[in-house]
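Worksheet for the structure shown next.
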Protein chains: 2
Amino acid sequence: MKDFTSTPPPVKHIAEPTVRRLSGYLRFLEAFDVEGHETISSGELARAGGTTSAQVRKDLSFFGSFGKRGLGYAVKDLIASLREILGLDTRWPVVIVGAGKIGAALAQYRGFGTHGFDVVGIYDTDPSRVGTRLNGVTVRADRDLEGDIATLTPRIAVLCVPGEAAQAALDRVVGAGIRAVLNFAPTSLVAPEGVTVRAVNMATELEVLAYALTNESRD
Amino acid sequence: MKDFTSTPPPVKHIAEPTVRRLSGYLRFLEAFDVEGHETISSGELARAGGTTSAQVRKDLSFFGSFGKRGLGYAVKDLIASLREILGLDTRWPVVIVGAGKIGAALAQYRGFGTHGFDVVGIYDTDPSRVGTRLNGVTVRADRDLEGDIATLTPRIAVLCVPGEAAQAALDRVVGAGIRAVLNFAPTSLVAPEGVTVRAVNMATELEVLAYALTNESRD
DNA sequence: AGTTGTGAAACGTTTCACAGCT
DNA sequence: AGCTGTGAAACGTTTCACAACT
């Protein structure tokens, strides 16, 4: 049972590009804080995030007034506010499906933990991978997936399976109650309403670059 | 009244989200083609790409009339047109900077080659990695980077170095003439005008999911 | 009958510009 | 003097709706 007497929940809808920018501001601010800076102006944040000062102020003012006119924003306070806005004031348990090269590389990625995400399970169909340890987590058989989701209650699944297996993997984690999925398989997936799927697709990123190169010569 | 007597070169600007969708259509069409389908309607493409039929038609009609009314689009023709639009009718040489877990995983990713991208060089500072082979390409010392870019003339660099080293790596490849960069390091980079940098950032993707989960319960 | 291609409307995001604090 | 917060304008993208075509 939750108690909201102290902190009323924000009920605003933010567009995805905004969320991405906020995430970028947060990452820069964390480094800026370590360097010992106490305040930052919208202009400085804009330069770091590749946007404009007006955009930064619009993005932040959407959630309230965090800055001091004439001074800028208090770095530590802004970090705390952004963490709360992005839902990073709790830790998020995550399962990784697929312990191949990408799955294994991700499992060993430090940033997972430092950004509030805990890998609570890694699954693979290949018996030779089951039982191996990756960064302190033992790879389990894929048949354990549904049971583990029920007991460990991760909210996010990261799919690192081959393209052919991705839709089936998605269906399984969704069936087990997961509603947020990060897909590293190079296939576009169909998910039911209410399930958020984000795709990280090498081919698409490279194609965006190829397009940029093809058309840069003009202008 | 427009004058079409002398056709000026087509200088269309496409927004990035459009390029991403086109890339997605292409990927789906390739699979659809393999399944033996000869035509596809905008509605079918929309379902696969997670968008609407009107959007699909707008996206495609931007470049000309590819469809047949009452019938749909010829799958093979549309694949060819999309490849041309995206600049995938040539092959793109690519260098990978950093042969750690992510760099190595990417180097072995098959989709690179099948989508028109050739890995022509992989570089690392760690002597124990230099000389090892990844998918037919030998890892070379990072000091060879500039010389190799000059001789092999890759147009795209993929950065898979640690965050602290990413800006320096970017500066080096840009200095050597690269103008399109895919950054896997978890840092936001500053690039000069005319250089396109795309970032693939696990933390950001997870934060977008965390935000979605935090705010889904309402509405 | 079915589906494309496309102006026009609706919608959303970004930029501008300046009032209002510190 | 400096920088934020924000209404209003500008801009861009998506959706609508229907004429045109096979």
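Each chain gets a letter, A, B and so on, in the order the sequences are listed, and its residues count up from 1.
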Got a second to check how far B/Ile79's CD1 is from B/Phe32's CZ, nearest 0.5 Å?
10.5 Å

Quick one: A/Ile14 CD1 to C/dT14 P, roughly how many Å, whole number?
13 Å

CG/B/Leu213 to CZ/A/Arg179 distance, rounded to the nearest 0.5 angstrom?
8.0 Å

Heavy-atom donor-acceptor pair, A/Lys58 side-chain to D/dG7 base, under 3.5 Å
yes

A/Glu16 CD to D/dT14 P: how many Å, rounded?
13 Å

Checking B/Asp171 against B/Gln167: is there a side-chain donor and acceptor pair closer than 3.5 Å?
yes

Quiz question: going by heavy-atom distance under 3.5 Å, is there a donor-acceptor pair between the base of D/dT4 and the side chain of A/Arg69?
yes

Quick one: label B/Thr52 by what it contacts on the DNA or RNA (base, sugar-phosphate, nothing), any heavy atom closer than 4.0 Å.
sugar-phosphate

Would you kindly give the CG-to-P distance between B/Leu78 and C/dT4, to the nearest whole Å?
11 Å

Closest to side chain of A/Ser41, choosing from D/dG5, C/dT15, D/dC3:
D/dC3

Atom pair distance, as rounded to whole Å: CG in A/Leu60 and C1' in D/dT6
13 Å

Side chain of A/Arg57 (C-beta onward), nearest among C/dT3, D/dG5, C/dT15
D/dG5

If every non-hydrogen atom of A/Gly87 is compared with every non-hydrogen atom of B/Thr214, which pair is closest and at what distance?
CA-OG1, 3.5 Å

Could you state the atom-to-atom distance from CD1 of B/Ile40 to P of C/dG2 in whole Å?
18 Å

Pick the nucleotide of DNA chain C nearest each of A/Lys68 and A/Asp59; which residue has the one closer to the 5' end?
A/Asp59

What I want to find out is whether A/Glu205 reaches B/Arg20 closely enough, with some N-O distance under 4.0 Å, to be called a salt bridge.
yes

Would you indicate what A/Thr51 reaches in the nucleic acid, counting non-hydrogen atoms under 4.0 angstrom: base, sugar-phosphate, or nothing?
nothing

D/dC3 OP1/OP2 closer than 4.0 Å to side-chain N/O of A/Ser42:
no

Would one find a side-chain N or O of B/Gln55 under 4.0 angstrom from OP1 or OP2 of D/dT13?
no

Starting from P on D/dC3, measure out to CG on A/Leu45 and report it in whole angstrom.
13 Å

Looking at C/dG5, I'd like to know if its phosphate oxygens (OP1 or OP2) sit under 4.0 Å from a side-chain N or O belonging to B/Tyr73.
yes

